[in-house]
*Asks:* 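Here it is: the structure, laid out below.
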Amino acid sequence: MSTQKPSIPKGTRDFSPQEMNRRNCIFKTIRLVFEQFGYQPIETPAMENLSTLLGKYGEEGDKLLFKVLNSGDFLSGVEESELTKDNAAALSSKVSEKGLRYDLTVPFARYVVQHRNDITFPFKRYQIQPVWRADRPQKGRYREFYQCDADVIGSDSLINEAELLLIADKVFGKLGLKVIIKLNNRKILSGIAELIGHADKITDITVAIDKLDKIGLKKVNEELAERGLDVDAIARLQPVINLQGSNAEKLSKLSDLLRNTADGPQGIAEITEILVLAGIMNISSPVELDLTLARGLNYYTGAIIEVKAADVTLGSICGGGRYDNLTGIFGLPDVSGVGISFGADRIYDVLNELNLFPTAARSTTRVLFVNFGGKEEKLSIEMASKLRAIGINTEVYPDNIKLKKQFSYADSNQIPWVVMIGEQERMDSSCILKNMTTGQQDTMPMGEIINHIV
RNA sequence: GUGGUUUUAGCUCAGUUGGUUAGAGCGUCUGAUUGUGGUUCAGAAGGUCGCGGGUUCGAGCCCCGUAUCCCACCCCA
């Protein structure tokens with residue numbers, strides 16, 4: 001029998017107990033904050049029908065979908081003449097009708113429409129599940145990763161936007177991570193595109209402007225030209241790209257520039273209102289108006305939100321925005337939603353890089369009972385149950401083997417207390433409690449243990 | 001999808017112009033200590049050098065292919 005080298009697919013990862021403890025700490029923090037604001041949990045299947053997913057993320061997104069091959073004879077109904085290289089795209093729709101979810105927002109929209117009669121609007125839901133993208137992995141980019149989404153659907157109020165900013169602020173506050181919250185609005189971007197006479201090129205414009213930090217003004221302008229903008233339009237874009245100052249200053253200048261555009265003034269009014277509400281909510285992270293922010297342009301229609309770690313460059317760790325009519329494509333028009341998504345894996349990477357993980361990175365066991373076998377083992381099991389009953393995580397070593405091995409186990413799992421009940425101790429109803437940090441050990445009545453380890 | 005890069009013990013990595021039997025640290029295991037871990041000391045186990053082919057008297061090292069890791073682009077959490 002030939003042995004096989006064990007491996008996992010590209011871009012996926014195993015998580016060790018230590019990593020899981022840390023990851024759970026992130027999930028727990030996010031879940032707690034979501035619940036604090038009244039969001040309710042749902043889950044959706046890892047697989048959706050491809051028809052649900054295709055066409056929702058643009059052409060690029062479709063390519064990044066993991067498709068699931070039909071079970072059984074997946075080639076039935078496929079003509080031999082269709083099995084050609086350049087027919088791959090058309091062929092894939094015939095041999096695959098399911099795909100792994102690409103994000104949590106589209107499945108949520110599908111969920112809302114499908115269960116509309118059971119939902120009370122506005123519906124505030126949260127969802128913490130993995131998503132899959134057939135992307136090429138690199139720093140901070142995985143093919144399987146967790147998103148933690150909170151969305152409100154069925155409410156136009158800007159309070160929701162502000163509340164989501166507060167949620168982000170609270171989550172990162174609890175994690176001890178300094179962040180910058182960036183805010184933009186699709187309507188302002190539309191206004192800008194209209195202003196320079198290229199309303200049709202809003203995507204090209206924003207994609208190019210988005211790189212300002214990275215490649216600089218000169219290259220951005222070159223890219224704009226490559227994307228088909230004339231010299232005049234690029235010239236008229238400069239005042240917008242170069243916009244400086246505080247949020248209020250930027251908004252004031254923008255409001256002047258975009259005065260005569262269709263969407264601009266509305267976008268400015270929305271951002272202004274969100275900032276006012278955010279102010280009332282005492283958000284402690286800086287909230288910056290950033291016109292270069294162009295996330296998820298495919299479906300955002302109002303606010304666009306992004307959160308970046310202040311001390312590390314690692315893409316965005318949280319993003320979101322307002323999407324009008326996302327459910328329209330599934331047959332429920334005129335329902336507006338706004339949501340935010342935390343990238344748990346990137347948050348992990350950032351916390352790890354900054355050494356911000358708290359002490360929780362160890363076994364949660366507080367007490368280990370040494371196993372001496374026989375009557376002593378039985379007694380240890382009983383005592384362990386009593387400790388667990390009062391909320392102390394307790395293990396009994398499963399095998400009666402040499403003490404060296406059992407103490408090593410406690411040591412490498414960083415279990416702080418070890419209890420020994422051997423023959424001697426059993427005889428006089430005592431036990432030995434050892435503090436693994438100091439090395440000190442004392443003989444005491446069994447009932448005394450609790451007083452020492454709490 | 002495009003470009004670059006990595007791969008040698010469980011882990012992190014050395015390995016000279018191509019030359020006998022491929023090394024270190026950490027970890028693991030055994031013993032010093034048959035009822036005591038973390039420190040110390042003595043010892044041991046552990047390798048198809050990613051995989052497949054080629055050049056050569058001879059390949060961990062050179063050539064070709066392939067997988068994989070990581071990095072950048074595109075795009076994104």
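Letters A, B, ... are given to chains in the order of the sequence lines, protein chains preceding strands, and every chain is numbered from 1.
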*Asks:* Look at the side chain of A:Glu144 and the backbone N and O of A:Arg13, then say whether any donor-acceptor pair between them is shorter than 3.5 Å.
*Replies:* no
*Asks:* Start at the 5' end of RNA chain B and walk down; is the nucleotide closest to A:Tyr409 or to A:Gly140 reached first?
*Replies:* A:Tyr409
*Asks:* Is the base of B:rU34 touched by the side chain of A:Lys402 through a donor-acceptor pair closer than 3.5 angstrom?
*Replies:*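 Checked by distance alone, the answer is no.
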*Asks:* Taking the side chain of A:Phe407 as heavy atoms from C-beta outward, which of B:rC29, B:rG37, B:rG35 is closest to it?
*Replies:* B:rG37
*Asks:* Using the side-chain heavy atoms of A:Arg141, tell me which of these nucleotides is nearest: B:rG35, B:rC74, B:rG37.
*Replies:* B:rC74
*Asks:* Please determine whether a side-chain nitrogen or oxygen atom of A:Lys211 lies at a distance below 4.0 Å from atom OP1 or OP2 of B:rC74.
*Replies:* yes
*Asks:* Between A:Asp135 and A:Thr12, just flag the one whose closest nucleotide in RNA chain B comes earlier from the 5' side.
*Replies:* A:Thr12
*Asks:* How are the rings of A:Tyr126 and A:Phe34 set relative to one another: parallel (under 30°), tilted (30 to 60°) or perpendicular (over 60°)?
*Replies:*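 Rings of A:Tyr126 and A:Phe34: tilted, 30 to 60°.
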*Asks:* Classify the side chain of A:Asp411 and the base of B:rG38 as holding, or not holding, a donor-acceptor pair under 3.5 Å.
*Replies:*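 No.
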*Asks:* Taking A:Asp230 for the side chain and A:Ala233 for the main chain, is one N or O donor matched with an acceptor at less than 3.5 Å?
*Replies:*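 Checking the backbone N and O of A:Ala233 against the side chain of A:Asp230, a donor-acceptor pair under 3.5 Å is found.
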*Asks:* Would you measure the distance from the P atom in B:rG65 across to the matching atom in B:rA24 and give it in whole Å?
*Replies:* 36 Å
*Asks:* I'd like to know if the side chain of A:Thr301 and the backbone of A:Asp324 have a donor-acceptor N/O pair within less than 3.5 Å.
*Replies:*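 Checking the backbone N and O of A:Asp324 against the side chain of A:Thr301, a donor-acceptor pair under 3.5 Å is found.
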*Asks:* Pick the P atom in B:rC71 and in B:rU66, then give their distance to the nearest Å.
*Replies:* 23 Å
*Asks:* How many Å lie between CE on A:Met436 and C1' on B:rG38, as a whole number?
*Replies:* 7 Å
*Asks:* Taking only the side-chain heavy atoms of A:Ser316 (C-beta and beyond), determine which of B:rG35, B:rC71, B:rA77 contains the nearest atom.
*Replies:*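 Among B:rG35, B:rC71, B:rA77, the one nearest the side chain of A:Ser316 is B:rA77.
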*Asks:* Taking the side chain of A:Glu425 as its heavy atoms from C-beta onward, which of B:rG37, B:rG35, B:rC75 lies nearest to it?
*Replies:* B:rG35
*Asks:* Compare the minimum distances between each of B:rU2, B:rA77, B:rG37 and the side chain of A:Arg133, then state the nucleotide with the smallest one.
*Replies:*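 Output: B:rA77.
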*Asks:* Where the side chain of A:Arg136 is concerned, which of B:rU2, B:rG37, B:rC75 is the nearest nucleotide?
*Replies:*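 Among the listed nucleotides, the one closest to the side chain of A:Arg136 is B:rU2.
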*Asks:* Which part of the nucleic acid does A:Arg426 contact within heavy-atom distance under 4.0 Å: base, sugar-phosphate only, or nothing?
*Replies:*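 No contact.
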*Asks:* Checking all strands, does A:Ser408 fall into the base, sugar-phosphate, or nothing category for heavy-atom contacts under 4.0 angstrom?
*Replies:*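 The answer is sugar-phosphate, as A:Ser408 gets under 4.0 Å only of primed atoms, P, OP1 or OP2.
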*Asks:* Rounded to the nearest angstrom, tell me the gap between atom CZ in A:Phe369 and atom C1' in B:rG35.
*Replies:* 17 Å
*Asks:* For nucleotides B:rA45 and B:rU28, find the distance between their C1' atoms and express it as a whole number of Å.
*Replies:* 9 Å
*Asks:* Please give the distance between the P atoms of B:rG47 and B:rA22 as a whole number of Å.
*Replies:* 12 Å
*Asks:* Please work out if A:Gly439 contacts a base, only the sugar-phosphate, or nothing of the nucleic acid, heavy-atom cut-off 4.0 Å.
*Replies:*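 Base: the residue A:Gly439, judged by heavy atoms under 4.0 Å, touches a nucleobase.
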*Asks:* To the nearest Å, give me how far apart NZ (A:Lys404) and C1' (B:rC29) are.
*Replies:* 10 Å
*Asks:* Rounded off to whole Å, could you give me the CG-to-C1' distance for the A:Leu65 and B:rC75 pair?
*Replies:* 13 Å
*Asks:* Taking the C1' atom in each of B:rC74 and B:rC13, what is the distance between them to the nearest angstrom?
*Replies:* 34 Å
*Asks:* Give none if B:rG43 has no partner; otherwise give the nucleotide forming a Watson-Crick or G-U wobble pair with it, both distances under 3.5 Å.
*Replies:* B:rC29
*Asks:* Look at all strands and tell whether A:Gln138 reaches a base, only sugar-phosphate, or nothing, counting heavy atoms closer than 4.0 Å.
*Replies:* base
*Asks:* In whole angstrom, give the distance that lies between atom OH of A:Tyr397 and atom P of B:rU36.
*Replies:* 16 Å
*Asks:* Side chain of A:Arg346 only, heavy atoms from C-beta on: which candidate in B:rA77, B:rG3, B:rG35 is closest?
*Replies:* B:rA77
*Asks:* Over how many whole Å does the gap from A:Ile8 atom CD1 to B:rU68 atom P extend?
*Replies:*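 Those two atoms, CD1 and P, are 12 Å apart.
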*Asks:* Checking contacts here: which listed nucleotide (B:rA77, B:rC75, B:rU36) is nearest the side-chain heavy atoms of A:Ile432?
*Replies:*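 Selected nucleotide (nearest to the side chain): B:rU36.
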*Asks:* Judged by modelled atom types alone, do A:Glu48 and A:Tyr102 share a side-chain donor-acceptor pair under 3.5 Å?
*Replies:* no
*Asks:* Can you classify the ring geometry of A:Tyr111 versus A:Phe108 as parallel (below 30°), tilted (30 to 60°) or perpendicular (above 60°)?
*Replies:* parallel
*Asks:* Rounded to whole angstrom units, what separation is found between the OH atom of A:Tyr102 and the C1' atom of B:rC76?
*Replies:*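 Going from A:Tyr102 (OH) to B:rC76 (C1'), I get 6 Å.
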*Asks:* Counting N and O atoms only, with roles assigned by atom type, does the side chain of A:Asn70 sit under 3.5 Å from a partner on the main chain of A:Val95, one being a donor and the other an acceptor?
*Replies:*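 Yes; judged by distance alone, with no hydrogens or angles, the pair exists.
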*Asks:* Identify whether any heavy atom of A:Gln406 sits under 4.0 Å from a base atom; if not, whether one sits that close to sugar-phosphate; answer base, sugar-phosphate or nothing.
*Replies:*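 Nothing: the residue A:Gln406, judged by heavy atoms under 4.0 Å, touches no strand.
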*Asks:* Could you tell me the Watson-Crick or G-U partner of B:rU66, where both distances fall under 3.5 Å? Say none if there is no partner.
*Replies:*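 Its partner is B:rG50 (Watson-Crick or G-U wobble, both distances under 3.5 Å).
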*Asks:* Of the nucleotides B:rU2, B:rC69, B:rG35, which has the atom closest to the A:Lys10 side chain?
*Replies:*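 In terms of side-chain proximity for A:Lys10, the closest of B:rU2, B:rC69, B:rG35 is B:rC69.
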*Asks:* Name the nucleic acid region contacted by A:Lys405, choosing base, sugar-phosphate or nothing; use a 4.0 angstrom heavy-atom cut-off, strictly under.
*Replies:* sugar-phosphate
*Asks:* Under 4.0 Å, counting only non-hydrogen atoms across every strand here, what does A:Gly58 touch: a base, just sugar-phosphate, or nothing?
*Replies:* nothing
*Asks:* If we take the P atom in both B:rG1 and B:rU17, what is their distance in whole Å?
*Replies:* 38 Å
*Asks:* Considering only atom P, compute the distance from B:rG37 to B:rC29 and round it to an integer number of Å.
*Replies:* 13 Å
*Asks:* For A:Asp442 and B:rG35, give me the distance from atom CG to atom C1', rounded to whole Å.
*Replies:* 16 Å
*Asks:* Remember a base hit wins even if backbone is also touched, and classify A:Thr437 as base, sugar-phosphate or nothing at under 4.0 Å, heavy atoms.
*Replies:*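 Counting heavy atoms under 4.0 Å across all strands, the contact made by A:Thr437 includes a base.
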*Asks:* Please check this pair: side chain of A:Asp169 against backbone of A:Ser284, looking for a donor-acceptor N/O pair closer than 3.5 Å.
*Replies:*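 Yes, the answer is positive, given that a donor and an acceptor are paired below the 3.5 Å cut-off.
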*Asks:* Please classify the nucleic acid contact of A:Phe342 as base, sugar-phosphate, or nothing, using heavy-atom distances under 4.0 Å.
*Replies:* nothing
